[in-house]
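Single-structure report; data block below.
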Amino acid sequence: MSTQETPTTPIKDLEDITLTDLKDNSTFKASTLWQDSPALVLLCREEAIKVASYRDLISDKLGVKMVAIVHENLDNEIEEFNKGYWNGLLYFDKEKSFFSHIGGGQIQYGGIMSFLKPSVWFNIRQSMKTGVTGNFKGDGYVLGGLYIIRQGSGGVEYQYREKVWGDHAPFDQVLTAVKNVSAKKDEPDVKAAFQETLDKVKKGEIVFDSVLKDNSGASCTVKGPCA
């Protein structure tokens, strides 16, 4: 399922992408990520804290692996970002292959002219609420997005491409797609937890955990509508 004009990426285009584990610089094929379970693959650092705030539902209850992909690692800032805002699986896509595919075959950039758009400044204000600042060093203008991928060779269930800097996938769509790929979605407690969360999200009650510790909990929470 794709909500934009860019066609859904064929799974074969993603399977052989080479990723690097920054902990030991080992490399592996991307297909490993969804070999044994469905996966949410995040290509946007500004969206990370929102997704990470729902790790208990997405990963623990629905059983969907959560992975963040970065396209560069300058001044070791990725380690700091992971510790403060994601605190989970994070890998390096040196060739920017995921970013090219989410862009429909070529890397999309949010050039300097995009900052004249009111929507971009709105997105910047929303990001400031969460405490996540944009990175415009190096290729900081590269636009990303999000994939939700079924287990094995099942293919892409959902994808969303950033149109301008700070543009995020509608979160109710993300949660619904995560539920669709989950093998645990019909378990009564999981079903109830999902519906309760979805109802709150649709009302604009999206919760950010501004500081993440041990994949859960927060020292500061910002509540309010955030499209």
Side-chain angles (χ1 to χ4, degrees), residues 1-2 4 6-49 51-52 55 58-59 63-110 132 134-163 165 167-169 174 177-178 181 215:
M1 175 175 65
S2 175
Q4 297 171 300
T6 304
T8 301
T9 306
I11 193 64
K12 62 181 179 60
D13 291 348
L14 303 177
E15 290 175 333
D16 291 331
I17 293 175
T18 299
L19 297 174
T20 301
D21 188 333
L22 294 173
K23 293 179 180 178
D24 57 11
N25 289 319
S26 60
T27 60
F28 62 94
K29 296 299 182 183
S31 58
T32 303
L33 298 178
W34 51 85
Q35 180 176 337
D36 299 321
S37 68
L40 183 156
V41 179
L42 186 66
L43 311 173
C44 174
R45 57 182 281 155
E46 285 73 38
E47 194 171 10
I49 196 165
V51 176
R55 192 182 303 275
I58 295 173
S59 182
V64 175
K65 184 182 297 182
M66 295 169 54
V67 180
I69 304 292
V70 297
H71 59 80
E72 61 185 356
N73 183 25
L74 299 176
D75 304 325
N76 295 316
E77 64 178 23
I78 294 304
E79 181 179 350
E80 296 176 8
F81 164 75
N82 192 26
K83 183 178 179 180
Y85 299 103
W86 180 245
N87 201 9
L89 299 174
L90 185 147
Y91 303 111
F92 176 40
D93 178 6
K94 182 179 180 180
E95 302 300 324
K96 301 181 178 66
S97 298
F98 267 104
F99 297 85
S100 174
H101 286 302
I102 199 77
Q106 60 183 4
I107 296 173
Q108 302 293 314
Y109 293 88
V132 182
N135 165 28
F136 298 109
K137 301 176 183 177
D139 278 343
Y141 293 104
V142 171
L143 297 177
L146 177 146
Y147 281 111
I148 295 173
I149 301 174
R150 305 180 193 96
Q151 181 177 343
S153 57
V156 174
E157 167 71 17
Y158 176 90
Q159 69 183 60
Y160 189 89
R161 174 179 62 85
E162 279 186 293
K163 298 181 288 294
W165 188 90
D167 172 41
H168 300 158
V174 173
V178 167
V181 301
N215 292 338

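The side chain to side chain donor-acceptor pair (under 3.5 Å) contacts involving residues 30-41 comprise nothing, where partners must be two or more places apart or lie in separate chains.
Between V181 and the options I149, V156, V64, a side-chain contact (heavy atoms from CB on, under 4.5 Å) holds for only V64.
A donor-acceptor contact shorter than 3.5 Å links the side chain of H101 to the backbone of D13. At least one donor-acceptor pair closer than 3.5 Å links the side chain of E162 to the backbone N or O of G144. Between the side chain of K94 and the backbone N or O of T20 there is no donor-acceptor pair closer than 3.5 Å. In terms of modelled atom types and a separation under 3.5 Å, the side chain of Y147 and the main chain of I102 share a donor-acceptor contact. A donor-acceptor pair under 3.5 Å is formed between the side chain of Q159 and the backbone N or O of T9. Although no hydrogens or angles enter the test, the distance criterion places no donor-acceptor pair under 3.5 Å between the side chain of N87 and the main chain of N82. R161 places no side-chain N or O within 3.5 Å of a backbone atom of L143 that could act as its donor or acceptor partner. In this structure, E79 contributes its side chain and K23 its backbone to no donor-acceptor pair below 3.5 Å.
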Give the C-alpha distance, both sets of side-chain angles, the deciding distance and a yes or no for side-chain contact (heavy atoms from CB on, under 4.5 Å) between Y91 and L22. CA-CA 6 Å; Y91 303 111; L22 294 173; over 6 Å; no
Is there a side-chain contact (heavy atoms from CB on, under 4.5 Å) between K65 and L40 once you walk through the steps? CA-CA 6 Å; K65 184 182 297 182; L40 183 156; over 6 Å; no
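Note that CD of E157 is 11.5 Å distant from CD1 of I11, once rounded to the nearest 0.5 Å. In this structure, the separation between CD1 on I69 and CG on L90 is 7.0 Å, given to the nearest 0.5 Å. Separating the CZ atom in F92 from the CD atom in E72 is a distance of 8.0 Å, to the nearest 0.5 Å. Here the NZ atom belonging to K96 is positioned 13.0 Å from the CG atom belonging to L43, to the nearest 0.5 angstrom. Here CD1 of I17 is found 10.0 Å from CZ of F99. Values are rounded to the nearest 0.5 Å.
Within the 4.5 Å cutoff, side-chain heavy atoms of L146 are placed close to those of Y158. Between L19 and V67, the closest side-chain pair of non-hydrogen atoms is not below 4.5 Å. Residues R150 and P38 have side chains not in contact (no heavy-atom distance under 4.5 Å, counting atoms from C-beta outward). The closest side-chain heavy-atom distance from F28 to L33 is below 4.5 Å.
For S153, the side chain to side chain donor-acceptor pair (under 3.5 Å) criterion is met by no residue, not counting sequence neighbours.
Closest non-hydrogen pair, I148 versus V174, comes out as CD1-O, 3.5 Å.
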